[in-house]
Structures are given as structure tokens and as C-alpha cells.
**Student:** 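One structure follows; several queries about it will come next.
Treat the numbers as computed from the prediction; the structure is a model and nothing was measured. Chain A is the first sequence line, chain B the second, and so forth, proteins listed ahead of strands; every chain is numbered from 1.
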2 protein chains.
Amino acid sequence: MVKNNREQIHHLLRNSHLSVTETRVKILELFMKSNGALEHSDFEKKLGQSFDRVTIYRTLQAFLDKGIIHKIPTTDTSVRYALCKSECSEHDHHDHHVHFKCEECGTTLCLEETDVPSIQLPKGYAVHNVEVVVSGVCKQCK
Amino acid sequence: MVKNNREQIHHLLRNSHLSVTETRVKILELFMKSNGALEHSDFEKKLGQSFDRVTIYRTLQAFLDKGIIHKIPTTDTSVRYALCKSECSEHDHHDHHVHFKCEECGTTLCLEETDVPSIQLPKGYAVHNVEVVVSGVCKQCK
DNA sequence: AATTACCTGCAACTAAGTTGCATATTTCTT
DNA sequence: AAGAAATATGCAACTTAGTTGCAGGTAATT
């Protein structure tokens, strides 16, 4: 099980043309363990002081560039990241699902089952991407 | 016209139980002049060094508390604000419109004409609010 | 016009994010 | 499997963003 995960992570990194390093493996493991989106400070907390802040920033940026993770919009200064589905890649991003932020526990979830609706904008706008963030109360907190 | 604006601003502040001060009036004027959403650094730039950073933070927070402005979600660390429609107030917020971010000029717009669609989440989630941010190319940039 | 309530600016601080560079680790090549 | 090349990391130093307490100032109330 754990072995399996390691192998999966190894392939994921290699497929993205990234070296397999301790930091990257640890960070991917955290993403896989977590049921919600994570932000920079979560990694600092969970990894302890064994990894440099800068390395975490650069790791997240690399994952973003390669389409391994995606960002989720927030109304504050935090930046939240979540794993992309396996079908995403560097040049072919398609995370067209809805995000949910629970007001009770603060967790942000990807609702992979829920597609973003198509939206009709006024004439003259070209639509490239639609982000939907729903806030409310999640299953666990109700 | 300008006089009119001043009066309008005066009423807006008084109705929200806020004192009418130079900073607040200037900031509201900037919101009214601008066709897009603004962030903290825009105010620092546009107001010059005549106003303290802290005052700007506190002013935006006060406007937010009173329902004069609302925040727009972003995927970066910036916090974008835009004026609420006149029908909003402290306890009755209803900015159920779509936001648009132009990838060319960087402007973020409120599309008041475009309502957010209703979204059907999986069972067990209570929905309180739905935010939609569309990115693409705006009228002007096409 | 005086009193009260509220707002602003300053200083000092915490947190967040970036860049350059030297060193270390991983990957490639043979 | 060893050495060369490519890539990643950690540190230092810096920039930008956001917060808090408090003294003094301005706006509102009477």
C-alpha cells in the first residue's frame, strides 16, 4: 500500500520530467493523505523545520508548472493547492470541477463529481476557464 | 456631476454609520471611477503617499464590514475588491453575479448582468454561497 | 462650542514571497 | 559503477503584505 504509493509518486514525478527527491515525495504524500486542499503554511507545519521554506515554494511552483497540482481561488491572501486528477498534464489541464469550502472546519475540497456549469456571458467576452467555489457546510460538519 | 458623486458618497457613508473622511471619500471615488476591481496596492499607487498604508487597510475592512464592497476570489495572494450594488447592505448581501478576469489586461470585472447558475452538489452539502470567476479575454482586448 | 465618538498616522512587529549563489543530490552517459 | 552534466536545495538577504497598540486629530452629537 505504502510501497504502491511510493511507486506511483515516482512515476508521476518521472513522467513530469522532475527529479525524484525527498521533498517532492514528502509533499506529494501529504497531498495524497489529505482529503482537502493545502496551502504553503500547512507544509511548513507538517514537514517541520527539516525543509527550507524556499524549497517548498519552489516545489509547489514546479508541480503547478507540470500540471500535477492546481490552485483554488480564495478571497484572502492564502493560496490553496490540490492534486489534479491523473488525466491532467502539463499542456492539457482539465480540472473542470467545483470546489467547496466548509465554513465550519475550513477545509477546501475538490468535488470531482460536480462539473462546473456552462455559463453564458454577455456578447464580446471569450471564455477560457470557469472557476466555481461554493461555500457552506460539508458532510462531516453537518 | 462631481458634486453629485460627492453627495452620493456622503449618503453612502452616513447610511453605513461611517464618518465622512477624506480617505474614505477618495477611496470610494476611485472605486466609482474604476471599471474593474481594485486591490490594496492600487490604492497605494493612486493615492500616493498622502495616506497611510494602515488607514487603507482599515478603510477597506470597514467598507467590507458594512457591505459597501465585496471581495473577489483570486488564485494568487492578492485580494481584490469591488463596489457592491446599491441594494446591498450590512446584513443583506446579494452580489450573486459572475466575475470576469481578463488574461490580457489583467482587469477584473463584475458582470452584474450575469447571474451565477444554481449548482447541484452531492447529497450532504449545505450551500451558502456560490462564487464564479471566469477568465478569458474581455471586450476591449479582443 | 464643548464633549464624545470615531478615525488616522506612526512605530514596531509578524508573516509571506522572491532572488542569487554556493553546495549537494539526482540523473545521464559510457 | 564512476564521472560528468543537469537539477534541486539551503542559506542569506531582501521585498512586499498585513497586524496591533497607542497617542493625537478630526468628525459628529448635544
Side-chain angles (χ1 to χ4, degrees), chain A residues 6-7 9-30 37-66 68-69 71-81 90 106 108, chain B residues 6-7 9-30 37-66 68-69 71-81 90 106 108:
Chain A
R6 290 257 171 185
E7 269 175 35
I9 285 172
H10 191 101
H11 284 125
L12 180 53
L13 288 171
R14 300 282 37 222
N15 287 342
S16 305
H17 310 288
L18 292 172
S19 311
V20 179
T21 67
E22 210 193 333
T23 321
R24 289 174 179 169
V25 172
K26 277 262 167 61
I27 287 183
L28 283 177
E29 281 178 347
L30 286 176
L38 297 168
E39 56 184 87
H40 180 90
S41 65
D42 292 325
F43 296 107
E44 288 203 58
K45 279 175 216 140
K46 295 190 181 186
L47 296 175
Q49 53 282 80
S50 38
F51 299 94
D52 197 81
R53 263 164 15 95
V54 179
T55 304
I56 301 172
Y57 280 117
R58 289 197 269 227
T59 302
L60 293 171
Q61 187 58 52
F63 288 175
L64 216 46
D65 291 344
K66 301 300 185 179
I68 297 175
I69 59 177
K71 287 185 183 183
I72 302 166
T74 63
T75 53
D76 58 30
T77 58
S78 69
V79 183
R80 296 198 127 81
Y81 303 91
E90 184 163 3
T108 300
Chain B
R6 290 258 171 184
E7 269 175 35
I9 285 172
H10 191 102
H11 283 125
L12 180 54
L13 288 171
R14 300 287 29 226
N15 288 342
S16 304
H17 310 288
L18 292 172
S19 308
V20 179
T21 66
E22 209 192 332
T23 320
R24 290 175 178 169
V25 172
K26 277 261 167 63
I27 288 184
L28 283 177
E29 282 177 347
L30 286 176
L38 297 169
E39 56 184 85
H40 180 89
S41 64
D42 293 324
F43 296 107
E44 288 203 58
K45 280 175 214 139
K46 295 190 179 186
L47 295 175
Q49 54 282 80
S50 38
F51 298 93
D52 196 81
R53 264 165 15 93
V54 179
T55 303
I56 301 172
Y57 281 116
R58 289 198 269 227
T59 301
L60 292 171
Q61 187 58 53
F63 288 176
L64 217 44
D65 290 345
K66 300 300 185 179
I68 296 174
I69 59 178
K71 287 184 181 183
I72 301 165
T74 62
T75 53
D76 58 29
T77 57
S78 69
V79 183
R80 295 197 127 79
Y81 303 90
E90 184 164 1
T108 301

**Student:** Find the distance B/Leu13:CG to C/dT8:P and express it as a whole number of Å.
**Tutor:**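 After rounding, the reported distance stands at 10 Å.
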
**Student:** With sequence neighbours excluded, what pairs up with A/Ser78 under the side-chain contact (heavy atoms from CB on, under 4.5 Å) test?
**Tutor:**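 Listed in chain order: A/Glu39, A/Thr74, A/Asp76, A/Arg80.
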
**Student:** Applying salt bridge (Lys or Arg N to Asp or Glu O under 4.0 Å), can you list everything that pairs with B/Lys26, at least two apart in sequence or on another chain?
**Tutor:** B/Glu22

**Student:** Just jot down the ring pair (Phe, Tyr, Trp, His ring centres under 6.0 Å) partners of A/Phe63, sequence neighbours excluded, or say none.
**Tutor:** none

**Student:** Of all residues at least two apart in sequence or in a different chain, which pass the side-chain contact (heavy atoms from CB on, under 4.5 Å) check with A/Arg58?
**Tutor:**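 A/Arg58 satisfies side-chain contact (heavy atoms from CB on, under 4.5 Å) with A/Val54 once adjacent residues are dropped.
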
**Student:** With sequence neighbours excluded, what pairs up with B/Thr21 under the side-chain contact (heavy atoms from CB on, under 4.5 Å) test?
**Tutor:**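 side-chain contact (heavy atoms from CB on, under 4.5 Å) check on B/Thr21 returns B/Ser19, B/Thr23, B/Arg24.
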
**Student:** Please answer whether the main-chain N or O of A/Arg6 pairs with a side-chain N or O of A/His10 as donor and acceptor at a distance below 3.5 Å.
**Tutor:**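 No; zero donor-acceptor contacts below 3.5 Å.
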
**Student:** Mind calculating the distance between CD (B/Gln61) and C1' (D/dT19) to the nearest angstrom?
**Tutor:**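 Atom-to-atom, B/Gln61 to D/dT19, this comes out as 11 Å.
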
**Student:** Quick one: ring pair (Phe, Tyr, Trp, His ring centres under 6.0 Å) partners of A/Tyr81, sequence neighbours excluded?
**Tutor:**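 In terms of ring pair (Phe, Tyr, Trp, His ring centres under 6.0 Å), with neighbours along the sequence ignored, A/Tyr81 is linked to no residue.
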
**Student:** Distance check, rounded to the nearest 0.5 Å: B/Leu18 atom CG versus B/Leu28 atom CG?
**Tutor:**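 Here the rounded value is 9.0 Å.
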
**Student:** Side chain of B/Arg24 only, please: which of D/dT9, C/dC7, D/dG18 is the nearest?
**Tutor:**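 Among the listed nucleotides, the one closest to the side chain of B/Arg24 is C/dC7.
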
**Student:** In whole Å, I'd like the distance from the CG atom of B/Leu64 to the P atom of D/dT19.
**Tutor:**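 The distance from CG of B/Leu64 to P of D/dT19 comes to 11 Å, rounded to the nearest Å.
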
**Student:** Send over the distance from B/Tyr57 OH to C/dC10 C1', rounded to a whole Å.
**Tutor:**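 Rounded to the whole Å, the gap is 16 Å.
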
**Student:** Quick one: is C/dT8 close enough that its OP1 or OP2 comes under 4.0 Å of any side-chain N or O from B/Thr23?
**Tutor:**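 Yes, such a contact exists.
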
**Student:** Looking at every heavy atom in both A/Thr75 and B/Val79, which two are closest together, and how far apart are they?
**Tutor:** O-CG1, 3.6 Å

**Student:** In residues 41-54 of chain B, which residues come under 4.0 Å of DNA chain D by heavy atom?
**Tutor:** B/Arg53, B/Val54

**Student:** With A/Asp52, which residues qualify under side-chain hydrogen bond (donor to acceptor under 3.5 Å, both in side chains), at least two apart?
**Tutor:**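 For A/Asp52 there are no side-chain hydrogen bond (donor to acceptor under 3.5 Å, both in side chains) partners, ignoring immediate neighbours.
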
**Student:** Applying side-chain contact (heavy atoms from CB on, under 4.5 Å), name anything that partners A/Arg53, two or more places apart in sequence or on another chain.
**Tutor:** A/His40, A/Glu44, A/Tyr57

**Student:** Kindly give the atom pairs (protein nitrogen or oxygen, nucleotide nitrogen or oxygen) under 3.5 Å for nucleotides 22-30 of chain D.
**Tutor:**
unit_1: D/dA28; atom_1: OP1; unit_2: B/Val20; atom_2: N; d: 3.0

**Student:** Which angle, rounded to 10°, do you find between the first-five-pair axis and the last-five-pair axis of the helix from C/dA1-D/dT30 to C/dT30-D/dA1?
**Tutor:** 40°

**Student:** Can you tell me how far P of C/dT8 sits from CZ of B/Phe63, to the nearest Å?
**Tutor:**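 That distance rounds to 9 Å.
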
**Student:** Send over the distance from A/Asp65 CG to D/dA8 C1', rounded to a whole Å.
**Tutor:**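 A/Asp65 atom CG is separated from D/dA8 atom C1' by 14 Å.
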
**Student:** Please report the distance, rounded to the nearest Å, between CD1 in A/Ile56 and C1' in D/dC11.
**Tutor:**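 Distance, rounded to whole Å: 14 Å.
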
**Student:** Rounded to the nearest Å, what distance is computed from the NZ atom of residue B/Lys71 to the C1' atom of nucleotide D/dG18?
**Tutor:** 11 Å

